[in-house]
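One structure is given here, and the rest of the page talks about it.
Below, chain A is the first sequence line, B the second, and so on; all start at residue 1.
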2 protein chains.
Amino acid sequence: MPTIRDVSRLANVSVATVSRVINANQPVSADTKARVVAAMAELGYQPNSNAKALATNRSDILGMVLGDLGGPFFGDLMAQAEEETRRLKRHLLVTAGGHSRDIELEAIDFLLRRQVDALMLHVDSLTDADLYELSTKTDTPIVLINRYVPDLHAHCIHVNNEVGGELITRHLIEQGHEAIACITGPLYKGDSRGRLQGYRRALEQAGLPYVEQRVVESDYMEAGGSEAIERLLSRKTPFTAVVCGNDLMAFGAIRSLRLHGFSVPQDIDVTGYDDIVLSSYVEPSLTTIHVPIGAMGVQAARLAVQLATGQRPTAQQAFEPQLVVRGSTRSRSSDQSSQPMHSKFVQQQ
Amino acid sequence: MPTIRDVSRLANVSVATVSRVINANQPVSADTKARVVAAMAELGYQPNSNAKALATNRSDILGMVLGDLGGPFFGDLMAQAEEETRRLKRHLLVTAGGHSRDIELEAIDFLLRRQVDALMLHVDSLTDADLYELSTKTDTPIVLINRYVPDLHAHCIHVNNEVGGELITRHLIEQGHEAIACITGPLYKGDSRGRLQGYRRALEQAGLPYVEQRVVESDYMEAGGSEAIERLLSRKTPFTAVVCGNDLMAFGAIRSLRLHGFSVPQDIDVTGYDDIVLSSYVEPSLTTIHVPIGAMGVQAARLAVQLATGQRPTAQQAFEPQLVVRGSTRSRSSDQSSQPMHSKFVQQQ
DNA sequence: TTGTTATATGTAACCGTTTACATCAATAAC
DNA sequence: GTTATTGATGTAAACGGTTACATATAACAA
């Protein structure tokens, strides 16, 4: 690999001049510039980014930590963030956090050692306190994706989970449901709590009681959704609809309900959250909340660059969730009410 | 950020000694080592990877170029490759090639400038000649994923497309089909040609004629699949099954067939290729060829590291495709044959 | 003419590591 | 008792860029 020194020799100039031509940040006469350009072309010269990063203390790389790299949710986020990063003349270094505290911390360390210009984090296992501490320990700017940490307000790209939970619960109430169960994600996570809070608020606004027996905590996994249904059924507190904390748990819930002889949505309505691609293809297609994760990825990249270059942040930080009505919920006319399902419910038990 | 010099001062040793402690590659007495470790902890020292890469000429990073980052196919590949990379104590730098020659070249340049230890490429737009030229121009090892370039035999992780095309076509023949249409991907791509070749071979083996009127070239996109069906129908050469070059085109084909009043698989069987996640969820679920893309990602990472470190390559390079039979194909008993469909076909036109 | 200023270029220090080489003491070999 | 050998450590030169500072030349004003 030729170096800047090889170029300077061939073009008969100093290395400083070559550097000036490369970065176009200081005046160079037209003909020296031409000589240098020719020399670079002849040698097939490529500047060494590590050396440049070492000298300038910036790498033009944005670091990103995600729960995992597969899956429609992260895929969309990553794809959009990468595109925007490229548009901003930067590159994206992605690492999987593996949903584990140690791996997430290791990933962050790695990126910091690499002198990334900013960090974009979509982390599960780190606490708000961890993140705040991290932000004080390093002066690398941090952007949190799909998470709201009050102390890091200016660094969050977030979506209002409470509104999402409220929207989808209200939708079920409008369909005529009065006994609505809820399967939440892990409640140590802020988004799970937010969605649950929205569920409560919608009930409250409709004058319906909040019944603890109808609420179970699960793990955002498909199997967890199945298992949660088992728990709900075993409690013998009837319900005619289930609000799930995400789409995957909704799939699990539907499967489990079917095993127990309920059909969706004829007997019981089920809703998801996230609007992953699958949700519009499954049978029945899933009524869910759309999270604009791609758009959030774009804005995360913008915010990261703005923070890194000291510009005034203009990236959109707060996003609104959107209700997507599909086949897993259906309008109940008042006469057929939910009574028949109650009886079937009891009979099934 | 503290540097190695700060540590050396605090521990009262030379920088060389600190480096020795960090890399554990030369003897250091127990108590100096303890002092150094303590100093590093006190300062929260993190070695600067750029400086290290500059000095050692290796970065412990594997570079990866993909068509795009979203989507189930790439997601799986990336997720598995990342995991294996981490297992090998390296990291993964991913860039999207955007299915365009310029962007792919730019992405490769970027990674080379970054001194990645090896390149893993899943590129569409670069020709075999481009890739061969690239391999001669740089001494960074290159691994090609899901692509076979004869001149770079030892660098390819590939799957036998011809066998895949043959498997799925033979399956249809075994179901009783004799008039099988084929929608291929772009024929400048080797994998499209391979699958088509497999289709021809299966026909040949069964003693069925190869009819050009039943073959159309498309673009591996869902819309392209729909459009291809239009072209096939307009040719008025009847068919009772369609072999599609990938799952997405199969979705498009099914949609288009339905618009024309055919139902799948009652009237016409349709098959895909790739076995993306969606394919098992759609209605009807798709008979397809499973490509072990995750496993290929793992082996790509292994091969990359082996090439970079000069080890003898032991990674598995050739993979076999697998037939997955689902709902979009069904057995035709000989008596009801395909005659009724022919008549319906003609009537629909 | 002389002093001032702007432009073009070169010199060399620096960024934070690694590592070849040198040094020195302690141990082993004869 | 001298000489290798080994182990622990230090010194300083890379690695390939950037950039503050110095210098030289040309243009311009007084």
Given atom [atom1] of [X] and atom [atom2] of [N], what is their separation to the nearest angstrom?
X	N	atom1	atom2	answer
A:Leu54	C:dT18	CG	C1'	12 Å
B:Met1	C:dC15	CE	P	16 Å
B:Ile4	C:dC15	CD1	C1'	13 Å
B:Asn57	C:dT19	CG	P	11 Å
B:Asp6	C:dG16	CG	P	8 Å

Heavy-atom side-chain proximity of A:Thr95 to A:Phe110 below 4.5 angstrom: yes
Sub-4.5 Å side-chain heavy-atom contact between A:Asn48 and A:Met1: no
Remember a base hit wins even if backbone is also touched, and classify [X] as base, sugar-phosphate or nothing at under 4.0 Å, heavy atoms.
X	value
B:Gln46	sugar-phosphate
B:Thr32	sugar-phosphate
A:Asn23	sugar-phosphate

Outermost DNA chain D nucleotides near chain B [under 4.0 Å, heavy atoms]: D:dA8 to D:dG16
Contact list for DNA chain C against residues 11-21 of chain B - heavy-atom distance below 4.0 Å: B:Ala16, B:Ser19, B:Arg20
Under 4.0 angstrom between A:Ser29 side-chain N/O and C:dT9 OP1 or OP2: yes
CA sep, side-chain torsions, deciding dist, call: A:Asp124, A:Lys189, salt bridge (Lys or Arg N to Asp or Glu O under 4.0 Å): CA-CA 8 Å; A:Asp124 288 35; A:Lys189 294 188 181 177; 2.9 Å; yes
Rounded distance (nearest 0.5 Å) linking atom [atom1] of [X] with atom [atom2] of [Y]:
X	Y	atom1	atom2	result
A:Asn161	A:Tyr148	CG	OH	13.0 Å
B:Leu93	A:Leu92	CG	CG	8.5 Å
B:Leu126	B:Leu121	CG	CG	7.5 Å

Check: A:Gln306/A:Thr314 side-chain N/O donor and acceptor closer than 3.5 Å: yes
Modelled atom types, side-chain donor and acceptor of A:Thr3 and A:Tyr45, under 3.5 Å: no
Residue pair B:Ser192 / B:Pro186: nearest heavy atoms and the distance that separates them: OG-O, 2.8 Å
DNA chain D: 5'-proximal contact among B:Gln26 and B:Thr56 (nearest heavy atom): B:Gln26
Which residue lies more 5' along DNA chain C, comparing B:Ala51 with B:Asn25 via nearest heavy atoms: B:Ala51
5'-most by nearest nucleotide on DNA chain C - A:Arg35 or A:Arg5: A:Arg35
